**Student:** 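Here you go, one structure.
Keep in mind the model is a prediction, meaning the values are calculated, not measured. Residue numbering restarts at 1 for every chain, and letters A, B, ... go by the order of the sequence lines. Quick note: numbers below take in every heavy atom, side chains included, and nothing from hydrogens, waters or symmetry partners.
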Amino acid sequence: MLTTNFIRSNIELVKEGLKKRNFSDDNLSVLQQIIDLDDQRKSQQTKLDEQLAEINKISGQIGQLYKEGKREEADELKKKVAEIKGISKGLEDQAKQIKLDLENLLLTVPNVPNKLVPAGNSDEDNEVIQAWDDEMPNLSADALPHWEITEKYDIIDFKLGAQLTGAGFPVYKGKGAKLQRALINFFLAEAESAGYQEIMPPIMVNATTARGTGALPDKEGQMYVIEEEQKLYLIPTAELPVTNVYAGKIIKDKEFPIKMTAYTPCFRREAGSYGSDVKGLNRLHQFDKVEIVQITHPDKSYETLDKMMLHVEGLLKKLELPYRILRLCSGDLSFHSALTYDFEVFSAAQKKWLEVSSVSNFETFQSNRMKMRFKDENGKTQLVHTLNGSALALPRIVAALLENHQTADGVNIPEALRSYTGFDKID
RNA sequence: GGAGGGUUGGCCGAGUGGCUUAAGGCGCACGCUUGGAAAGCGUGUAUAUCUCAAAAGGAUAUCGAGGGUUCGAAUCCCUCACUCUCCGCCA
């Protein structure tokens, strides 16, 4: 969520940003509505404060008069207060309504894309900023797609998952299950040695937490909801609970940078998905992911974004997978992000690129919602910048590992993973 | 699930309707003191919004959250959340 002050003082920048996100001129009028409402809010606040100050003043006088035994005079003043109270009550109700309307409008405004974000409408306009120049895996003509490999070695059972729960909830078996555990441990160990503190958060969150990172209201339809006394949401990513660790806090300068990592299962309804995109491990309702989150000083966030990308890149190198890096265009950029880089690995048997990581800088968009702040060198409170990235999401990594490293007599486990799996071949 | 106690500032903690402008302590910052440090002494120490060109200053709100009673609420009442103790159940 942008702040009204930011919109006010950077109106042209915000307009350009929204245009890049394909807002029509009509839709841009929301910005003027926000400023007008904010003007109303201010004048209402001033009026209300004046009335309340008057009440406070008279109440003091009444107390004094009672002490002096001047009952009638006090009663006179009481009538006056009752009158003012009628006015202030009305002002208060109006002020509340204005704040609510303002908040609802602000929630409809996405983050301003960074200058680097290319304009575009869909993933076809994403910019490849680092292509894969090395050799592609040289697979034989009878190379299998991962959903056949998993069946051949009986390591992932999609049918059984469908029987137990539904499509998109696979059952990992034997070496398949061990591979999951190995990848999780490998990713966590790598994150830890890069200085991230491990967090193990709840995998259900309440509405406030979901709103904090921007999952609500704009991704409501993508989350599974548990309806008990209060609504709980199964997390679509560890980003929700982990970023919210510092919600409402004022962070001390020396605490920067805050680096956290977490492994969690992730749950996504993926409503409306269909076809070959959802085949096998390509798109699941439940999957495992190790997430990295950083909370930084605003001056450092883009530097931090680069470091996080290097971390993700390092993982893919160690897993010996061909990858490329994309800078998302404005049409593909998520609502709350200012700049996002996607990492894709090449799935040799499917002959397509699969997204395995998304690394983003949200600037103050999330911290404003979460009221996550720090004190600058002048003692002023300012919003922090938040960033996150997948490091990494498992299913498509597993798909790529199986397909790229398959041989006639089994699937080879990359060197870096072997101490975690305890085996070097799936056969 | 049942019964009872609690929630006050960064932390501890006092506070039963107006003298609360939230006592006192700890912590933190700055200063004095010191050869240097500690101790000691002094000063300061929340957040948000409005007002103000800005700073200073002023106003309002905030004592778990929301509502209510009252001229006036940290204090009384209601609802909810969290927490502790005991009982029950339990991996």
**Student:** Under a 3.5 Å cut-off for both distances, is B:C19 Watson-Crick or wobble paired, and to whom?
**Tutor:** none
**Student:** Are A:R41 and A:D38 ion-paired here, with the side-chain N under 4.0 Å from a carboxylate O?
**Tutor:** yes
**Student:** Restricting to non-hydrogen atoms, name the atom on A:V345 and the atom on A:A400 that form the minimum distance, rounded to 0.1 Å.
**Tutor:** CG2-CB, 3.6 Å
**Student:** Determine: side-chain N/O of A:R373 to OP1/OP2 of B:U47, distance under 4.0 Å, yes or no.
**Tutor:** no
**Student:** Only pairs with both distances under 3.5 Å count, Watson-Crick or wobble alike; so what is the partner of B:A73 in this structure?
**Tutor:** none
**Student:** Donor-acceptor check, side chain of A:S330 to backbone of A:G120, threshold 3.5 angstrom: yes or no?
**Tutor:** yes
**Student:** Rounded to whole angstroms, how far apart are CG on A:N5 and P on B:C50?
**Tutor:** 7 Å
**Student:** Rounded to whole angstrom units, what separation is found between the CD atom of A:Q382 and the P atom of B:A48?
**Tutor:** 12 Å
**Student:** Is any side-chain nitrogen or oxygen of A:K89 closer than 4.0 Å to OP1 or OP2 of B:G68?
**Tutor:** yes
**Student:** Distance between the C1' atoms of B:U75 and B:U69, in whole angstroms?
**Tutor:** 13 Å
**Student:** Whole angstrom is fine here: how far is it from CD in A:Q44 over to P in B:U51?
**Tutor:** 12 Å
**Student:** Remember a base hit wins even if backbone is also touched, and classify A:L48 as base, sugar-phosphate or nothing at under 4.0 Å, heavy atoms.
**Tutor:** nothing
**Student:** If I pick the P atom on B:A29 and the same atom on B:A39, what distance separates them, to the nearest angstrom?
**Tutor:** 12 Å
**Student:** In whole Å, measure the gap between the P atoms of B:G10 and B:A23 for me.
**Tutor:** 14 Å
**Student:** What distance, rounded to whole Å, do you find between the two P atoms, one in B:G44 and one in B:U60?
**Tutor:** 22 Å
**Student:** Take the protein atom NZ of A:K375 and the nucleotide atom C1' of B:A46, then report the distance between them rounded to whole Å.
**Tutor:** 8 Å
**Student:** With a 4.0 Å limit, can you tell me whether A:R41 has a side-chain N or O closer than that to the phosphate oxygens OP1/OP2 of B:C50?
**Tutor:** yes
**Student:** Taking pairing as Watson-Crick or G-U wobble with both contacts under 3.5 Å, can you name the mate of B:G66, or confirm there isn't one?
**Tutor:** B:C78
**Student:** At less than 4.0 Å, is any side-chain N or O atom of A:N56 found next to OP1 or OP2 of B:G72? Yes or no.
**Tutor:** no
**Student:** Would you kindly say whether A:Q40 and A:D36 are connected by a side-chain donor-acceptor distance under 3.5 Å?
**Tutor:** no
**Student:** For B:A54, which nucleotide in any strand shown is its Watson-Crick or wobble partner with both distances under 3.5 Å?
**Tutor:** none
**Student:** Under the criterion side chain to side chain contact (heavy atoms under 4.5 Å, CB included), which of A:N111, A:I34, A:V112, A:L28 is the partner of A:V14?
**Tutor:** A:V112
**Student:** Under the 3.5 angstrom rule, does the side chain of A:H146 hit a backbone N or O of A:L281 as a donor-acceptor pair?
**Tutor:** yes
**Student:** From NZ of A:K252 over to C1' of B:A46, roughly how many Å is that when rounded to an integer?
**Tutor:** 12 Å
**Student:** Verify the neighbour count for atom CD of A:E92: are there more than 12 heavy atoms of other residues, nucleotides or ligands below 6.0 Å?
**Tutor:** yes
**Student:** Can you tell me the Watson-Crick or wobble partner of B:G9, both distances under 3.5 angstrom?
**Tutor:** none
**Student:** In whole Å, measure the gap between the P atoms of B:C52 and B:C32 for me.
**Tutor:** 40 Å
**Student:** May I ask you to evaluate whether A:K380 reaches the phosphate of B:A48, defined as a side-chain N or O under 4.0 Å from OP1 or OP2?
**Tutor:** no
**Student:** Say we look at B:A65 and B:G2: how far apart would their C1' atoms be, to the nearest angstrom?
**Tutor:** 25 Å
**Student:** Counting the atoms with a prime plus P, OP1 and OP2 as sugar-phosphate, which does A:L52 contact under 4.0 Å by heavy atoms, base, sugar-phosphate, or nothing?
**Tutor:** sugar-phosphate
**Student:** Are A:K85 and B:G72 close enough that a side-chain N or O sits under 4.0 Å from OP1 or OP2?
**Tutor:** yes
**Student:** For A:F423, does the six-membered ring have the charged nitrogen or CZ of A:K178 within the cation-pi criterion, i.e. under 6.0 angstrom from the centroid and within 45° of the normal?
**Tutor:** no
**Student:** Using the P atom as the point on both nucleotides, what is the distance between B:U85 and B:C80, in whole Å?
**Tutor:** 23 Å
**Student:** Nearest-Å distance, CD1 (A:I55) to C1' (B:C71)?
**Tutor:** 9 Å
**Student:** Please classify the nucleic acid contact of A:K79 as base, sugar-phosphate, or nothing, using heavy-atom distances under 4.0 Å.
**Tutor:** nothing
**Student:** Could you please name the partner base of B:G31, counting Watson-Crick and G-U wobble pairs only when both distances are under 3.5 Å?
**Tutor:** B:C41
**Student:** Once you round it to whole Å, what is the distance between P of B:C71 and CD of A:Q64?
**Tutor:** 19 Å
**Student:** Mapping A:I62 and A:E50 to their closest nucleotides on RNA chain B, which lands nearer the 5' end?
**Tutor:** A:E50
**Student:** With rounding to the closest Å, how many angstrom separate the C1' atoms on B:G17 and B:C63?
**Tutor:** 16 Å
**Student:** Does A:T381 put a side-chain nitrogen or oxygen below 4.0 Å from OP1 or OP2 of B:A48?
**Tutor:** yes
**Student:** Quick check on RNA chain B: between A:Q61 and A:K42, whose nearest nucleotide comes earlier from the 5' end?
**Tutor:** A:Q61
**Student:** Whole angstroms only, please: what is the CG-C1' distance between A:L232 and B:A81?
**Tutor:** 13 Å
**Student:** Strictly by Watson-Crick or wobble contacts shorter than 3.5 Å, is anything paired with B:A59, and which nucleotide is it?
**Tutor:** B:U49
**Student:** Partner of B:A91 by Watson-Crick or G-U wobble geometry, both contacts under 3.5 Å, or none?
**Tutor:** none
